[in-house]
Amino acid sequence: MKVRRLHRWDLSPRAAIRLQERLRERLVLRGGPRSPRWIAAADASFDDRFVYGVAVLWDATRGEIVEVRTARRPLTFPYVPGLLSFREAPTLLDALRPLSRKPDLVLADGQGIAHPRGFGVACHLGLLLDLPTIGVAKSLLVGEHGALSRRAGAAVPLRFRGRQVGWAFRSRDGVKPLFVSPGHRVGLAAALRLARGIRRRFRLPDPIRAADSASRAFRRGNVARTITYALSVSGEASA
DNA sequence: GCGACAG
DNA sequence: ATCTTGTCGC
């Protein structure tokens, strides 16, 4: 699929922050696909020198991974809370670009608008892909929320500076909550509805789970094994 | 100045 | 994120 080139990536942290403040004005935080069939998820792993990215395409109708792509780039940007996309998005986009079908929804491992400047990695990917995107993070970056039932499916608003920016979402009974927020072309209500609708046999939604373990396998050396990992996580026999 | 801080 | 053995719990 096509990726818009709205800016360069070799920026200083200071310039990256200014860019986020400019790009966030272009976000569309409403709407969202009704019943997405094709869902893409991307995630990255790291070592001292490289970023290892994997994108998977999930067929929600059949409940399985139908395509896996990988990409590797040298590490060029440090980890700075709030600037995650400048570290891994170029690699994730390299992995997403060759997917043979345009997804109805993109899932990112990290925040959407639940971010200091309202522009987390899910927003960045969504804007450059011009696709509906939501962020699913395993821990909190900003904001606060009230008590949350331990029951799978439960959710409470996540607020930051007096505004709701997402949800604390209990994806499975008793597990630590996930933090779901809109990335682009999705509203708050739809972000939660979509997160609830994606199959999750573990804490993370299956597509993200698959991309996560596959990126780790990819970093550890073998592309064939990477694909096997993704497919096995999607429910196929690990043949 | 101090504490917080996605992956 | 990654480095790492055993260990508590369903």
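The sequence lines fix the lettering, A, B, ..., with proteins before strands; numbering per chain opens at 1.
A/R200 has no carboxylate O lying under 4.0 Å from a charged side-chain N of A/D206, or vice versa, which leaves the two without a salt bridge.
In this structure, A/L125 places its CG atom 13 Å from C1' of B/dG7, rounding to the nearest Å. One interatomic measurement links the two molecules: CZ of A/R117 to C1' of B/dA4, which rounds to 14 Å at whole-angstrom precision. Summarising the geometry, the separation between CG on A/L141 and P on B/dG3 is reported as 19 Å, rounded to the nearest angstrom. One atom, NE2 of A/H124, and another, P of B/dG7, lie 18 Å apart when rounded to the nearest Å. Between A/L92 atom CG and B/dA6 atom C1' the separation is 13 Å, expressed in whole Å. Between the CZ atom of A/F179 and the C1' atom of B/dG7 there is a distance of 15 Å, rounded to whole Å. Atom NE2 in A/H115 sits about 12 Å away from atom P in B/dG7, given to the nearest Å. When the P atom of B/dA6 is taken as reference, atom CZ of A/F119 falls 18 Å away, rounded to whole Å.
When atom types are taken as modelled, the side chain of A/R87 and the backbone of A/T76 share no donor-acceptor pair closer than 3.5 angstrom. Panel note: side chain A/R97, backbone A/V3; no donor-acceptor pair is recorded below 3.5 Å.
In summary, of the residues considered (A/F160, A/F179, A/F169), a side chain to side chain contact (heavy atoms under 4.5 Å, CB included) with A/H145 occurs for A/F179 alone.
Counting all heavy atoms, side chain and backbone alike, A/A60 lies closest to A/I39 at CB-CD1, 4.3 Å. In terms of heavy atoms, A/A147 sits closest to A/V156 at O-CG1, 3.2 Å. Minimum interatomic distance between A/F119 and A/R24 (heavy atoms only, all atoms of both residues): CD1-CA, 3.7 Å.
Judged as a side chain to side chain donor-acceptor pair (under 3.5 Å), the pairs with a partner in residues 166-187 of chain A (not counting sequence neighbours) are, in order, A/D130-A/R185, A/R151-A/D173.
Across all strands, A/V142 comes closer than 4.0 Å to no nucleic acid atom at all (heavy-atom distances). A/L178 comes within 4.0 angstrom of nothing in the nucleic acid, heavy atoms only. A/G135 comes within contact range of no nucleotide atom at all, as no heavy-atom separation falls under 4.0 Å.
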Just the table, please: protein N/O against nucleotides 1-4 of chain C N/O, every pair under 3.5 Å.
| residue | atom | partner | partner atom | Å |
| --- | --- | --- | --- | --- |
| C/dA1 | OP2 | A/K138 | NZ | 3.2 |
| C/dT2 | OP1 | A/S45 | OG | 3.3 |
| C/dT2 | OP1 | A/R219 | NE | 3.1 |
| C/dT2 | OP1 | A/R219 | NH2 | 3.0 |

Give me, pair by pair, the N or O atoms of the protein and of nucleotides 6-10 of chain C that are less than 3.5 Å apart, along with how far apart they are.
none

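Using modelled atom types and a 3.5 Å distance limit, the side chains of A/R117 and A/Q20 yield a donor-acceptor pair.
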